[in-house]
Amino acid sequence: MKTSIMGRVAGAALLAGACAAHAEPASYPDRPVRIVVPYTPGGATDTVARSIASQLSTRWGQPVIVENRGGASGMIGAAAVAKAQPDGYTLVLADSAPFVILPSLHADMAYDPLRDFAPITVVARQVPILVVSSKLPVHSVKELVAYLKAHPNTPYGSLGPGSYPHVAMEEFQQLSGTRMLHVPYKGTAQVTTDMIGGQVSLYIGTLGAFQQQEKAGTVRILAVATQQRVSLRPDLPTVAEAGVPGFAVNVWFGLAGRAGTPAGILDKIHADVRAVLGDRHFVEEVLLPQALTPGGDSRTDFGDLMRGDTERWRQAIQSAGIKL
């Protein structure tokens with residue numbers, strides 16, 4: 001009799017747990033959700049995050065707040081999410097660096113992206129470019145390499161030590177046989193301002209961030225830093241074909257939650273973000289003007305991408321001898 005009662009109690013507990021797990025996605029969210037952007041306002045990451053937040057707020061009937069926590073190449077904001085409650089109410093939207101580059105540069109990082117984050121999806125893919133100030137007397141990648149060899153310590157901008165513009169430019173120097181001066185910033189908007197003013201001469205940025213400045217004649221986009229030419233700008237050669245063989249960069253915006261967040265909640269966030277990315281008006285009005293292509297990768301595929309890119313950047317950092 002006692003065993004029977006205990007069995008019924010245990011069964012009821014399991015059933016209650018199953019019902020609670022089932023109910024989580026249905027009730028989520030029942031309060032405001034926070035998306036942490038680990039950079040200052042004004043850059044492409046911030047713009048995309050705010051657009052996604054607006055759409056999700058409408059769908060969920062709850063405020064979705066973007067919180068900018070810049071500094072340390074994105075590690076400060078990412079670390080805050082890695083320590084948050086695993087309930088889906090604190091998410092991080094960032095470019096590749098805090099997810100897959102910084103772990104190979106910091107042995108004492110406050111978080112491990114592959115252990116502490118639950119991948120949700122790639123939100124968008126960027127078109128990385130090699131861009132120079134119009135004050136620099138170069139009009140091609142070959143001219144740039146020749147100029148850099150004749151003018152060592154020419155300053156280039158980045159989003160901080162270990163950010164993708166920093167690591168990519170270090171790799172560029174190794175492949176091109178040049179030597180430059182690294183000038184770190186907290187956000188793309190600051191880099192752009194100083195490029196226009198001539199305080200920094202070049203940058204590995206994104207097409208969307210510099211299209212208007214290119215039209216105004218304040219910067220020159222010399223090439224795309226992708227493996228192949230892109231349909232958005234078929235006139236631009238790749239850096240590899242224009243004079244630095246082997247150089248290419250893969251840059252994306254990823255959305256993740258805290259590891260341990262219930263799968264049902266992660267699935268709901270993924271489904272709703274993917275629905276936003278599948279909306280033609282969102283793509284045409286938000287992504288394409290910034291030269292971004294929509295993501296929507298499955299949670300599993302995003303996790304595989306994170307692991308693959310972590311190894312790719314580890315090898316690049318090791319080969320280039322990059323140390324902070």
Side-chain angles (χ1 to χ4, degrees), residues 17-39 44-69 74 77-96 98-100 111-126 252-283 286-287 292-307 309:
C19 290
H22 234 335
E24 281 166 344
S27 61
Y28 174 89
D30 57 10
R31 62 181 190 273
V33 176
R34 182 171 56 126
I35 298 179
V36 174
V37 172
Y39 301 112
T45 315
D46 180 63
T47 302
V48 170
R50 291 182 186 282
S51 299
I52 289 284
S54 175
Q55 293 292 318
L56 291 179
S57 180
T58 299
R59 287 175 176 271
W60 292 343
Q62 292 288 344
V64 180
I65 303 160
V66 172
E67 179 182 332
N68 296 92
R69 298 193 65 170
V81 178
K83 296 173 183 176
Q85 289 297 315
D87 54 13
Y89 287 90
T90 303
L91 310 173
V92 59
L93 197 157
D95 63 24
S96 314
F99 288 116
V100 301
Y111 66 96
D112 179 338
L114 299 180
R115 179 197 66 206
D116 297 332
F117 290 142
I120 296 175
T121 193
V122 172
V123 171
R125 288 179 166 81
Q126 300 173 287
W252 36 261
F253 294 133
L255 180 69
R258 176 74 166 87
T261 301
I265 290 178
L266 296 172
D267 287 340
K268 177 175 176 55
I269 298 170
H270 176 272
D272 289 339
V273 170
R274 187 167 182 175
V276 172
L277 298 176
D279 181 81
R280 179 174 58 86
H281 295 292
F282 183 84
V283 172
V286 176
L287 299 184
L292 299 171
T293 56
D297 308 46
S298 70
R299 289 171 51 211
T300 299
D301 287 346
F302 183 27
D304 290 342
L305 175 66
M306 284 177 59
R307 284 184 287 274
D309 275 9

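Bear in mind that the values here come from a model prediction, so they are computed numbers and not experimental data.
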If you look only at distance, which donor and acceptor atoms sit under 3.5 Å apart when one is on a side chain in residues 85-92 and the other is two or more places apart or in another chain?
from: Asp87; atom 1: OD1; to: Tyr89; atom 2: N; distance (Å): 3.0
from: Asp87; atom 1: OD2; to: Arg31; atom 2: NH2; distance (Å): 3.1
from: Tyr89; atom 1: OH; to: Asp30; atom 2: N; distance (Å): 3.0
from: Tyr89; atom 1: OH; to: Asp30; atom 2: OD1; distance (Å): 2.8
from: Thr90; atom 1: OG1; to: Arg34; atom 2: NH2; distance (Å): 3.3

What's the shortest heavy-atom distance between Gly295 and Arg125, and which atoms?
CA-NH1, 3.9 Å

Locate the shortest heavy-atom distance separating Pro113 from Pro98; write the atom from each residue and the value.
CG-O, 3.4 Å

Is atom CZ of Arg299 surrounded by more than 12 heavy atoms (other residues, nucleotides or ligands) closer than 6.0 Å?
yes

What's the shortest heavy-atom distance between Pro119 and Met306, and which atoms?
CG-SD, 3.9 Å

Val37 side chain reached by Arg69 side chain, heavy atoms, under 4.5 Å
no

What is the minimum heavy-atom distance between Phe302 and Ile120, and which atoms define it?
CD2-N, 3.6 Å

Distance col, row Leu305:CG vs Thr121:OG1, nearest 0.5 angstrom, shows 10.0 Å

Would you say that Leu277 contacts Phe282 through its side chain, given a criterion of any heavy-atom pair below 4.5 Å between the two side chains?
yes

For the pair Tyr111 and Phe117, name the ring-plane relationship: parallel under 30°, tilted 30 to 60°, perpendicular over 60°.
tilted

Side chain to side chain contact (heavy atoms under 4.5 Å, CB included) between Val36 and Leu93, intermediate numbers included:
CA-CA 6 Å; Val36 174; Leu93 197 157; over 6 Å; no

In the structure I gave you, are the side-chain heavy atoms of Leu114 and Phe99 within less than 4.5 Å of one another anywhere?
no

Can you tell me how far apart CG (Asp46) and CD1 (Ile35) are? Round to the nearest 0.5 Å.
11.0 Å

Taking the side chain as every heavy atom from C-beta outward, state whether Leu287 and Thr293 have any atom pair closer than 4.5 Å.
no

Answer with yes or no whether the side chains of Asp297 and Trp252 bring together a donor and an acceptor at under 3.5 Å.
no

Closest non-hydrogen atoms of Thr45 and Ala94, given as atom of the first, atom of the second and distance, are CG2-CA, 3.9 Å

Indicate the atoms forming the closest heavy-atom contact of Pro32 with Ile65, along with that distance.
CB-CD1, 4.2 Å

Kindly indicate whether the side chain of Leu56, heavy atoms from C-beta on, has any atom under 4.5 Å from the side chain of Val33.
no

Side-chain contact, heavy-atom cut-off 4.5 Å: Ile52 with Val48?
yes

Return each pair, listed once, that meets side chain to side chain donor-acceptor pair (under 3.5 Å) where at least one residue sits in residues 51-64; pairs must be two or more places apart or across chains.
Trp60-Asp272

